Student: 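Sharing a structure here in structure tokens format.
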Amino acid sequence: MVKSSCLRFSLHLFIILGCIGVYHQASADVRQEENYLLLQTRATDLERKGELNRALEHLMMSRYFSSDNALVDEKINVLKEKIHDAAEKQFKAGMTYLAENKTANARRAFLSALFYNPGHRQALNQLKSLTIPPRFKHYTVKKGDTPNTIAAHFYHDETWKDAILFFNNLAPGAALPEGMTLNIPIAGREIIQKKSQEDVLLSKARALFKKGDNRAALEAADKVLSLDPSNRGAGELTAAIYLKMANQQIEEKQYAEAKDLVDKVPRGFKNRKKTVARLDAALQDAEIEAMLEDAWTAFNAGDYEKTIHILKKVQSISPENKEAINLFNTATFEYAKKLYNEEKDLSALAVIENADKKYKGVESLTQKIEARINARAQEHYRKGVKYFLNENLEQAIFHWEATLSLNPDHAKAGENIVKARRLLNKIEKIE
Amino acid sequence: MQSSKELTNNDTKIVLAETKKGDSFSSLALTHLNDASKEWMLREYNPIDRLLPGSIVLIPKTDYNRAGLYADGFQTIPVISYHRLTKGNAEKLVVSEPVFEAQIRFLRDSGFSPISPAQLINFLNYREQLPQKSILITFNGGWRSIYEIAYPILKKYKMKATLFIDTDFIGGKKAMSWEQLKKMADNGFAIGSLTKTHRDLTKMKKGESFDAYFNIIKEELTRSRDQILEKTGYPCSYMAYPYGKTNAFVSSLVQKLGFKGAFTLSRGSVPFYTDPYKINRSMVYGSFSLDQFRKNLAVFKRTDLK
């Protein structure tokens with residue numbers, strides 16, 4: 001009896017524990033699912049806000065709660081690729097902006113590349129080099145160089161020798177081995193007291209430029225650059241001279257020469273864009289002028305079709321050109337008149353429809369052409385009726401069709417053709 | 001807590017935690033990062049406002065956004081500078097005690113975290129992530145009023161600051177003593193150099209040869225640095241240019257002498273890509289209203305980075 005009740009108790013306990021186990025398992029599964037959905041939702045929100053790396057991390061974490069890893073892995077791979085592509089696209093854009101001297105755009109693009117890929121060293125380096133100016137020039141020691149000669153060369157002052165030695169970790173009196181690369185600190189004018197040969201030449205070049213002697217100014221600036229190729233002042237002056245000369249060439253309509261000069265000015269240089277726009281406008285004007293000349297030649301030779309063709313091209317470039325508009329209307333009028341005189345009424349109408357209705361003679365010529373077309377249509381109609389009454393149905397249809405080709409709105413001609421064709425069919429059936 | 005759930009993305013290690021009753025961002029930061037003060041890392045990373053038991057929290061074990069870059073812009077750090085304080089009337093470079101307290105209270109209440117120059121330089125060198133609302137508070141010159149007026153207020157609001165001192169001035173009638181400076185340094189205030197005599201480093205004096213000028217400005221920097229170490233026991237790694245003025249040569253020299261960063265007095269908050277030897281600082285004037293003060297505290301530059 002005791003044994004039997006113990007057995008019953010054990011059985012009940014087993015069932016209860018089993019149920020608790022199943023309950024816990026089910027509850028854990030629900031929590032897994034909830035966590036999975038929570039992380040997926042956060043990932044989606046972050047992705048929508050553009051925070052792709054954090055979205056990716058939430059997705060990756062959701063994998064621990066997923067019952068279908070293949071699906072999550074696919075999402076992860078798609079996002080990883082999106083992040084990678086965005087980083088590379090922005091970096092490339094940054095390099096392009098840099099080449100075009102658009103530093104603000106370049107900085108934004110490099111920041112974006114780094115946002116997508118925080119390990120993008122190249123983007124980081126480009127950003128830093130955009131902000132931190134170089135503090136040194138580099139110089140390779142040549143045979144016979146001493147700290148004094150180098151100091152004199154760069155600063156026109158031998159007392160700079162100690163600074164050169166200091167910045168290159170060299171002890172006073174140390175020998176400079178040939179081929180050694182030295183860091184030469186860049187110094188502002190406030191601490192360089194003596195004027196260099198380059199400074200003297202540059203001042204002369206600026207004075208010549210101011211006087212308007214561009215050739216001599218250019219020569220002097222070139223001399224500065226031959227002494228110091230990195231001289232910024234000479235570089236800028238040279239660009240300004242080329243730009244001024246380019247503008248003069250544009251005024252003299254020497255466009256090829258102007259283009260050569262503009263090409264020598266670095267992109268991004270002040271007013272370069274303006275000059276390029278001016279040159280483009282001048283080149284377009286010249287092209288239009290040449291086309292107008294061709295159009296006049298064709299018009300004077302009576303080749304109105306060619307005239308119209310050329311003028312359409314002009315109008316596609318410069319729709320407001322008055323000379324082109326006037327000549328177009330004249331040529332169109334004359335061409336339509338010629339076709340009218342040759343009794344090519346439909347062609348004449350098609351041509352005159354392109355002319356401005358307000359242009360002298362256009363409206364009356366149009367009316368004349370339309371009147372003659374209507375008269376001819378009516379004549380064909382009457383002939384058709386005559387043939388119909390004479391039971392010559394084929395000829396009747398022929399003339400009514402001619403009526404419609406001249407006046408597609410002629411209702412009676414259309415109705416009669418249908419009737420005549422119906423009769424023809426009946427006759428064919430009887431026969 | 002399920003610490004086995006972890007992942008790595010772009011060198012950022014992230015673990016997952018499920019919160020229990022009583023957990024906060026601070027307690028989680030203490031458990032997982034061994035530093036409760038890093039709670040901002042968890043708060044800024046997770047797109048949730050408050051923690052409930054059973055919440056899922058992702059814990060970045062390492063910096064995850066060193067440059068402070070977001071889809072809609074990037075982080076900037078305001079660096080503000082005070083000169084002198086007074087219990088009396090304010091002047092251009094002299095801020096009155098109640099105004100100073102109101103400004104510091106405003107910073108505390110607005111959730112600003114005071115940072116050290118070392119943290120700022122790490123941020124500029126892409127080595128350390130900082131809280132989104134960070135600020136570096138600095139003082140120019142070792143005025144006694146900094147110790148007597150600013151120091152107690154800063155302590156009251158649990159704020160730290162950095163003092164740039166021209167060492168020849170210290171111990172003078174209106175200046176702090178070395179003992180006072182050491183006390184502040186012992187309490188977590190950073191001490192930087194404002195050179196020895198506060199000479200404008202960018203200018204040669206009339207008739208001065210370059211070598212004489214070079215040796216003097218070198219001494220201005222090295223002697224003040226050495227004296228700060230000697231008197232306070234703390235190495236001096238940062239400096240502020242007298243009058244905020246520098247040029248390429250002076251910045252090169254400061255860098256070559258081993259300073260890790262240097263500050264100007266140009267206005268504007270600092271993004272991570274700033275030159276560490278040309279860090280802006282915005283001077284707080286005695287006439288500033290709270291609104292004018294706030295205009296110098298930009299912590300974000302809005303620009304589309306998507």
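Just so it is clear, the structure is predicted and the values come from calculations on it, not from any experiment. Lettering follows sequence order; numbering is per chain, from 1.
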Student: Please name all residues satisfying side chain to side chain donor-acceptor pair (under 3.5 Å) with B:Thr197, sequence neighbours left out, ordered by chain then number.
Tutor: B:Glu220

Student: Ignoring hydrogens and geometry, is there a side-chain-to-backbone donor-acceptor pair from B:Tyr241 to B:Leu265 under 3.5 Å?
Tutor: no

Student: Which one, B:Leu253, B:Asn65, B:Val250, leads in non-hydrogen pairs under 4.5 Å with chain A?
Tutor: B:Leu253

Student: Considering only heavy atoms and a distance below 4.5 Å, find which of B:Tyr213, B:Phe249, B:Tyr277 pairs most often with chain A.
Tutor: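 The option with the most such pairs is B:Phe249.
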
Student: To check you understand the geometry: which heavy-atom pair defines the closest contact between A:Ser112 and B:Leu305, and what is its length?
Tutor: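 The answer is OG-O, 2.6 Å.
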
Student: Please determine if B:Lys218 forms a cation-pi arrangement with A:Phe166, meaning its NZ or CZ atom is less than 6.0 Å from the six-membered ring centre and no more than 45° off the ring axis.
Tutor: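 B:Lys218 over A:Phe166 ring: yes.
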
Student: Against chain B, label A:Asn183 side chain, backbone, both or neither, depending on which of its atoms sit under 4.5 Å from a heavy atom there.
Tutor: neither

Student: Give the member of B:Tyr70, B:Phe214, B:Tyr273, B:Phe74 that has the highest number of heavy-atom pairs under 4.5 Å with chain A.
Tutor: B:Tyr273

Student: With chain B as the partner chain, list the residues of residues 86-98 of chain A whose heavy atoms fall under 4.5 Å from it, by residue number, and write 'none' if nothing qualifies.
Tutor: A:Gln90

Student: So, B:Tyr45 and A:Glu57: side-chain donor and acceptor under 3.5 Å apart, yes or no?
Tutor: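 Present: a donor and an acceptor within the cut-off.
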
Student: Look at atom NZ of B:Lys278 and say whether more than 12 heavy atoms of other residues, nucleotides or ligands are closer to it than 6.0 Å.
Tutor: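 Not buried by this count: 12 neighbours or fewer within 6.0 Å.
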
Student: State, without any angle test, whether B:Asn280 and B:Ser282 hold a side-chain donor-acceptor pair at a distance under 3.5 Å.
Tutor: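 No - no donor-acceptor pair under 3.5 Å links their side chains.
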
Student: Which region of A:Leu38, side chain (C-beta onward) or backbone (N, CA, C, O), has a non-hydrogen atom less than 4.5 Å from a non-hydrogen atom of chain B, or is it both or neither?
Tutor: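 Side chain of A:Leu38 only, per the 4.5 Å heavy-atom cut-off to chain B.
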
Student: Pick whichever of A:Gly50, A:Pro134, A:Pro185, A:Ala163 has the most heavy-atom pairs under 4.5 Å with chain B.
Tutor: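 Option with the greatest count: A:Ala163.
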
Student: Do B:His198 and B:Tyr243 have their ring centres less than 6.0 Å from each other?
Tutor: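 That pair passes the under 6.0 Å test.
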
Student: With a 4.5 Å cut-off on heavy-atom pairs, point out which of A:Leu124, A:Asp45, A:Asn117 contacts chain B the most.
Tutor: A:Leu124

Student: Of all heavy-atom pairs between B:Thr274 and B:Ile279, which one has the smallest distance, and what is that distance?
Tutor: CG2-CA, 4.3 Å

Student: Please confirm whether the backbone N or O of B:Lys20 pairs with a side-chain atom of B:Asp23, one donor and one acceptor, at under 3.5 Å?
Tutor: yes

Student: Taking the six-membered ring for Trp, are A:His156 and B:Phe210 closer than 6.0 Å centroid to centroid?
Tutor: no

Student: I need the residue from A:Lys161, A:Arg42, A:Arg63, A:Lys80 with the largest number of non-hydrogen atom pairs under 4.5 Å to chain B.
Tutor: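 With the most close heavy-atom pairs to chain B, the winner is A:Arg42.
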
Student: Using a 3.5 Å distance criterion without hydrogens, assess whether the side chain of A:Thr140 forms a donor-acceptor pair with backbone atoms of A:Thr181.
Tutor: no

Student: Which of residues 125-133 of chain A have a heavy atom under 4.5 Å from any heavy atom of chain B?
Tutor: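 Against chain B, the residues of residues 125-133 of chain A that fall inside the cut-off (heavy atoms, under 4.5 Å) are A:Leu127, A:Lys128, A:Thr131, A:Ile132, A:Pro133.
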
Student: Out of A:Lys49, A:His58, A:Met60, return the one with the most heavy atom pairs under 4.5 angstrom to chain B.
Tutor: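 Looking at each option in turn, the highest pair count goes to A:His58.
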
Student: Answer with side chain, backbone, both or neither: which region of A:Leu114 has an atom nearer than 4.5 Å to a non-hydrogen atom of chain B?
Tutor: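 Looking at A:Leu114, backbone and side chain both touch chain B.
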
Student: Whether the side chain of B:Asn46 engages the backbone of B:Leu58 through a donor-acceptor N/O pair (distance < 3.5 Å, no angle test) should be reported.
Tutor: yes

Student: Relative to B:Phe272, does B:Arg66 satisfy both conditions: NZ or CZ under 6.0 angstrom from the six-membered ring centre, and within 45 degrees of the ring's axis?
Tutor: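 No, a cation-pi geometry is absent between B:Arg66 and B:Phe272.
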
Student: Identify, with sequence neighbours excluded, every residue that meets salt bridge (charged side-chain N to carboxylate O under 4.0 Å, His left out) alongside B:Asp304.
Tutor: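 By the salt bridge (charged side-chain N to carboxylate O under 4.0 Å, His left out) rule, B:Asp304 matches B:Lys306.
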
Student: Measure distances from B:Ser252 to the heavy atoms of chain A and classify the residue's part below 4.5 Å as side chain, backbone, both or neither.
Tutor: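 Looking at B:Ser252, backbone and side chain both touch chain A.
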
